[in-house]
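Structure first, commentary second.
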2 protein chains.
Amino acid sequence: MREMTSLADSIEEYLKKLLNLSASGFIDIKRKELSSKFSCVPSQVNYVLETRFTLEKGYLVESKRGGKGYVRLRKIKVPPESLLSFILRDIKKGPVDDVKAKGFIQMLYEEKYISLRESRIMEAVISSLHIIEDSSLQHRLNGLLLRNMLFILLK
Amino acid sequence: MREMTSLADSIEEYLKKLLNLSASGFIDIKRKELSSKFSCVPSQVNYVLETRFTLEKGYLVESKRGGKGYVRLRKIKVPPESLLSFILRDIKKGPVDDVKAKGFIQMLYEEKYISLRESRIMEAVISSLHIIEDSSLQHRLNGLLLRNMLFILLK
DNA sequence: TTGTTTGACTATCTTTGACCTTTGTTAAAT
DNA sequence: ATTTAACAAAGGTCAAAGATAGTCAAACAA
């Protein structure tokens with residue numbers, strides 16, 4: 001009889017069960033403890049988080065290092081057909097130039113995801129990145145910043 | 001239920017509570033007594049003061065050594081019109097590391113210049129800049145971005 | 001190939017302790 | 001009454017150790 005479930009799958013399942021049981025909508029775990037529980041290296045936990053608990057799949061991961069550190073996992077609601085999902089998918093596909101980034105921001109405003117002031121702040125950010133010489137870095141930052149700013153809207 | 005609060009966090013919370021209860025707007029503590037209360041070394045108190053009660057976060061710490069020594073903690077009250085110019089002036093002076101940048105953002109929120117969401121967006125921006133290798137560029141961007149985001153508030 | 005697992009190295013945050021500086025107190029010497 | 005010196009009573013600094021989590025690329029498996 002062969003093993004059908006990977007370690008990653010087991011950890012995923014375990015975390016999802018914990019999440020469902022949680023009244024608060026989030027859970028705090030210790031990376032080290034979790035990896036002990038599954039007798040694997042700690043970075044295995046990161047692998048699971050990166051592949052199974054992504055924003056696109058509707059999860060938010062926050063963490064803190066050092067003494068009393070933790071990893072906090074929460075389930076959020078991102079309707080798959082929503083503008084947010086669309087933008088997140090698009091960002092993941094590749095570099096984001098500033099025309100595209102600003103287009104997204106405009107759409108977010110028009111669809112009432114963000115206020116006028118918020119849209120102006122975000123646009124100011126994208127514009128400011130112009131001083132970066134390395135345009136590949138600039139485009140990566142466009143995507144990353146947009147993504148991390150959207151992340152906030154979900155909390 | 002696992003304990004997630006570090007000693008530093010507990011001390012921070014305790015001091016903030018005392019400050020809120022204080023009519024005078026400041027509190028005087030004895031470093032030694034406080035550290036006894038929390039069963040830790042005195043320098044732990046300095047750590048908390050240095051990381052949580054910085055000028056950028058809107059706090060002022062004064063102290064005196066020797067007999068009758070004390071540590072005085074106060075929340076600074078910035079006249080509403082001058083907070084932005086205070087920050088802008090500081091930014092102009094030199095590079096802005098992310099601890100400082102986030103301190104300013106926190107103060108802007110506490111003083112009600114920006115909403116919670118706006119503060120989180122701004123913090124996300126600063127955090128995202130971590131991927132920049134060149135730390136001099138990163139610090140320049142911290143300042144520039146903060147400045148350009150603040151300009152939006154003036155409109 | 002694609003997805004999984006591992007481990008070496010890195011980054012960040014916290015806690016502790018040894019040593020330093022400043023101020024206050026007291027009592028002896030002047 | 002004044003000066004001085006020792007000692008006590010604070011608080012400050014800094015660097016090391018401890019506690020977590022993150023990253024990345026190589027090895028491995030399906």
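So that the names make sense, note that chain A is the first sequence line, chain B the second, and so on, each numbered from 1.
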Do B/D9 and A/K64 meet the salt-bridge criterion of a basic N to acidic O distance under 4.0 Å? yes
Of all the nucleotides listed (C/dT16, D/dA10, C/dT5), which has the minimum atom distance to the side chain of B/K30? D/dA10
How do A/P42 and A/T51 order along DNA chain C: which one's closest nucleotide is nearer the 5' end? A/T51
What nucleotide among C/dG3, D/dG11, D/dT23 has an atom nearest to a side-chain atom of B/V71? D/dG11
Could you work out which one of C/dT4, C/dT14, C/dT16 sits closest to the side chain of B/D9? C/dT14
Given C/dT4, C/dG17, C/dT15, identify the nucleotide with an atom nearest to the side chain of B/A8. C/dT15
Non-hydrogen side-chain atoms of A/I76 and A/L55 separated by less than 4.5 Å: yes
Which of the following nucleotides, C/dT4, C/dT6, D/dA21, is nearest to the side chain of A/R31? D/dA21
Round to a whole Å and report the spacing from OH of B/Y47 to C1' of D/dA19. 12 Å
At 4.0 Å (heavy atoms only), tell me whether A/G66 reaches a base, stays on the sugar-phosphate, or touches nothing. base
Whole-Å distance, A/E12 CD to C/dT5 C1', equals 16 Å
What's the CD1-C1' distance between A/I11 and C/dG3, to the nearest Å? 14 Å
How would you label the contact of B/Y70 with the nucleic acid (heavy atoms, under 4.0 Å): base, sugar-phosphate, or nothing? sugar-phosphate
Answer with base, sugar-phosphate or nothing: what part of the nucleic acid does A/G67 contact at a heavy-atom distance below 4.0 Å? base
When you measure only distances, ignoring hydrogens and angles, does the side chain of B/S63 come within 3.5 Å of the base of D/dG11 through a donor and an acceptor? no
Any B/K68 side-chain N or O less than 4.0 Å from OP1/OP2 of D/dG11: no
Return the value, rounded to whole Å, for the distance between atom CE of B/M4 and atom P of D/dA19. 16 Å
Could you tell me the separation between the CD atom of A/E62 and the P atom of C/dT12, rounded to a whole number of Å? 18 Å
Under 6.0 Å from the ring centre and within 45 degrees of the ring axis: does the NZ or CZ of A/R72 meet both conditions for the six-membered ring of A/Y70? yes
Nearest whole Å is fine: how far is D/dA10 C1' from B/I29 CD1? 13 Å
Quick one: B/N46 CG to C/dT16 P, roughly how many Å, whole number? 14 Å
Just to be sure I understand the rule, does A/R72 reach a base, reach only the sugar-phosphate, or reach nothing, if contact means heavy atoms closer than 4.0 Å? nothing
Just by modelled atom types, is the A/S6 backbone N or O under 3.5 Å from a matching donor or acceptor in the A/S10 side chain? yes
Does A/K75 make a cation-pi contact with A/Y59 (under 6.0 Å, within 45 degrees of the axis)? yes
Any donor-acceptor pair, under 3.5 Å, between the side chain of B/R65 and the base of C/dT23, if you only look at N and O atoms? no
Considering only side-chain heavy atoms of B/K64, which listed nucleotide, C/dG24, C/dT4, C/dT16, is closest? C/dG24
In whole angstrom, what separates B/D97's CG from C/dC13's P? 12 Å
Given the structure, check if the side chain of B/S43 and the base of C/dG17 hold any donor-acceptor pair shorter than 3.5 Å. yes
Closest approach of A/S85 and A/V78, non-hydrogen atoms and distance? OG-CG1, 3.1 Å
